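See structure below.
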Amino acid sequence: MSKIIKITLVAEKTALSKPSIYRLAKADKFPKPFKLVPGGSASGWYEHEVDDWIETRAINRST
C-alpha cells in the first residue's frame, strides 16, 4: 500500500519550495497532487511517485 504525504514533506524531500512544487506539477514536470477528500482542500502525493521523481532526477543528472 502506498503512503500518502502532504506538501510539507514533499518540500522537505525535494528541497523545493511549495510554490515550485505546484508550478512543476501544473507543467506536468512533477507528480500531481490529489484531493484527500472529495470537495476538500487538503491534497496529498503518493510517496513512491515523489521518490521515483527524485531518483529519476539523480539518474539523469549526468546527462
Side-chain angles (χ1 to χ4, degrees):
M1 184 165 175
S2 296
K3 182 177 178 183
I4 298 169
I5 57 175
K6 294 186 73 178
I7 187 66
T8 302
L9 185 54
V10 174
E12 184 179 312
K13 287 175 80 80
T14 61
L16 295 170
S17 68
K18 293 175 186 178
S20 292
I21 293 165
Y22 285 113
R23 186 173 48 254
L24 288 168
K26 186 175 182 179
D28 292 326
K29 296 180 179 180
F30 192 80
K32 292 194 182 289
F34 58 92
K35 294 294 181 188
L36 298 178
V37 176
S41 60
S43 296
W45 283 258
Y46 286 115
E47 186 172 35
H48 74 274
E49 290 181 353
V50 174
D51 291 341
D52 290 347
W53 182 86
I54 294 167
E55 185 66 25
T56 298
R57 301 280 297 180
I59 290 169
N60 293 330
R61 71 178 174 211
S62 63
T63 59

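As the structure is a computational prediction, the values presented were derived from the model and not from experiment. Atom set for the values below is all heavy atoms of this structure, side chains included, hydrogens, waters and symmetry mates excluded.
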Spacing of Arg57 atom CZ and Lys29 atom NZ [to the nearest 0.5 Å]: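 Going from the CZ atom of Arg57 to the NZ atom of Lys29 covers 9.5 Å.
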
Distance in Å, Leu24 CG paired with Lys26 NZ, rounded so as to fall on 0.5 Å steps: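 Result: 12.5 Å between the selected atoms.
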
Greater than 12 external heavy atoms within 6.0 Å of Lys35's NZ: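 Enclosed: over 12 neighbouring heavy atoms sit under 6.0 Å from NZ of Lys35.
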
NZ (Lys32) with more than 12 external heavy atoms under 6.0 Å: yes

If I compare all heavy atoms of [X] with all of [Y], which pair ends up nearest, and what's the gap?
X     : Y     : result
Ala25 : Pro31 : CB-O, 3.7 Å
Ala11 : Lys18 : CB-CG, 4.3 Å
Ile4  : Gly44 : CG2-CA, 4.0 Å

Same cluster for [X] and [Y] if Ile/Leu/Val/Met/Phe/Trp/Tyr side chains link at under 4.5 Å?
X     : Y     : answer
Ile54 : Leu9  : yes
Ile5  : Tyr46 : no
Leu16 : Val10 : yes
Trp53 : Ile21 : yes

Validation row, ring centre Tyr22 to ring centre Trp45 under 6.0 Å: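 Yes, they do, as the ring centres are separated by less than 6.0 Å.
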
With Glu47 via side chain to side chain donor-acceptor pair (under 3.5 Å) - residues at least two apart: Lys13

